[in-house]
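Here the structure is a predicted model, which is why all the values come from computation and not from measurement. Order of appearance sets the numbers: ligands from 1, and atoms from 1 within every ligand. In this chain, numbering begins with 1 at the start of the sequence shown.
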Amino acid sequence: MSLIIRVDPVNFKPEDLFPAAEAVKSGKTVAFPTETVYGLGADAFNGEACLKIFKIKNRQPDNPLIVHINSFEQLYSVAREVILEDKLKRVWPGPLTVILKKRPEVPVEVTAGLDTVAVRMPAHLVALKLIELSGTPIAAPSANISGRPSPTSGKTVIEELNGRADVIIDAGDTFFGVESTIVDLTKQPPTLLRPGPFTIDELTSIFGKIEVPPEATGISDFERPLAPGMKYRHYAPEKDLYLLVDNSLLPELVRRIDRKVAFLLTEENYMKVKDLARDNVTFIILGTEYNLYTVARNLFESLRKIDRLDVEFAVIQSFKEEGIGLAIMNRIRKASGRKFIRFYPF
Ligand code: AMP
Ligand code: MG
């Protein structure tokens, strides 16, 4: 059994986190909340401790971790050439991870042997306090078994990692629900590696021109060494998931489909099709078309729900690839293994 610590995400006592900080200091693993998703962390300067993360998650060793910091002092301890510091001061704490040249003290387990390191200062009081009390940066990927959707609630982390992680901090739901944006600052112009809550417009307003390779949308895969790890299947439910490329096909599809199926859609689309369905159809409402942050928040829990329902497979609507919509579509493409429906019958 893991030690489970339940705290309020804002009104918690630092003492509540002491056992978690002690665990980090003694080379153990701690699952903790951030504003994006939950992370599974260990002391970023302890290679052996970080190796435990790979074992617990069944993660491929060439897939590097993100180093979570709570101060610029810690940034200098992991990154060799800190460029654009004035700009980083404007974006942190926040859901943006940057790639910088690494210092030799950062163990190979963290960076998968690369000469760069991914760093982020999370905007979650529990995460920042945990790093402070641990007195070390914390390396962490998402707190799921590799290949599954990232956990966005303490309940899901407990289901996934109880008995595997040494400590689990449950602070309820995360805020954004999708993983941080990753931008490579060692490239000129800075290059987007993973879309996330920090949008391209926001990136451009801070860093100027940003390179957005087509792979960043999830339509095709990155190869080493641009972004190791992104080639792996991610976020996937066990049942088949199909992306509906054209949402205008939804009414016809819902009316004619005769297999047990779940449709994942917005409130607005649900209102359009709910009366057309027979009892072989289950609807999962993701949020509202007018605020795609609601969809981002519910996405991973909804993908997990598919496997618990009595359905053969699931169909998810598509979203405009603007703002947070770019991150949503990237995750959906990966979760579906790029299976899609273009027309009916498919
Ligand atoms: P996760 O937090 O589970 O999404 O995992 C962290 C992700 O950050 C990995 O999958 C990598 O793709 C990315 N990452 C970490 N370090 C680097 C790096 N040095 N260069 C490029 N991408 C990185
Ligand atoms: Mg992950």
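Considering backbone and side-chain atoms alike, Arg59 places an N or O below 3.5 Å from some N or O of ligand 1. At least one N or O atom of Ser142 sits closer than 3.5 Å to an N or O atom of ligand 1.
Each of the atoms 18 (C), 19 (N), 20 (N) of ligand 1 lies under 4.0 Å from some heavy atom of Leu114. Applying the 4.0 Å criterion to heavy atoms of Ile182 picks out, from ligand 1, the atoms 8 (O), 13 (C). Near Arg194, with a cut-off below 4.0 Å to any heavy atom, the atoms of ligand 1 are 1 (P), 4 (O). Annotation for ligand 1: atoms under 4.0 Å from non-hydrogen atoms of Leu193 are 21 (C), 22 (N).
In the model, Thr36 has no side-chain atom that pairs as donor or acceptor with a side-chain atom of Ser180 under 3.5 Å. A side-chain donor from one of Asp166 and Thr29 sits under 3.5 Å from a side-chain acceptor of the other. Judged purely by distance below 3.5 Å, without hydrogens or angles, the side chains of Thr136 and Asp43 pair a donor atom with an acceptor atom.
The backbone and the side chain of Thr116 each have at least one atom closer than 4.0 Å to an atom of ligand 1 (non-hydrogen atoms only). Looking at Leu65 against ligand 1, only its backbone comes within 4.0 Å, counting heavy atoms. Heavy atoms of Lys102 found under 4.0 angstrom from ligand 1: none, in either backbone or side chain.
In this structure, Arg194 contributes its side chain and Asn330 its backbone to no donor-acceptor pair below 3.5 Å.
Applying the ring-ring contact (aromatic ring centres under 6.0 Å, His included) rule to Phe32 yields the partners His68; only residues at least two apart in sequence or on another chain are considered. By the side chain to side chain donor-acceptor pair (under 3.5 Å) test, Thr174 is found to be paired with no residue, residues two or more places apart in sequence or in another chain being considered.
Following chains of ILVMFWY side-chain contacts shorter than 4.5 Å, one can reach Val106 starting from Tyr76, so the two form part of one hydrophobic cluster.
Remark: Leu286 CG to Ile328 CD1 distance equals 8.5 Å, nearest 0.5 Å. Interatomic distance, Tyr293 OH to Asn291 CG, rounded to the nearest 0.5 Å: 8.5 Å. Taken from CH2 in Trp92 to CG in Leu75, the straight-line distance is 5.0 Å, to the nearest 0.5 Å.
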Below 3.5 Å, can you tabulate the donor-acceptor pairs from side chains in residues 18-25 to any protein atom, sequence neighbours excluded?
none

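For atom 10 (O) of ligand 1, the candidate residues are Asp184, Asn63, Leu40, Val119; the nearest heavy-atom contact is made by Asn63. When Ile99, Thr111, Thr34 are ranked by how near their heavy atoms come to atom 22 (N) of ligand 1, first place goes to Ile99.
Excluding waters, the set of protein N, O or S atoms lying under 2.8 Å from the Mg ion (ligand 2) comprises Ser142 OG.
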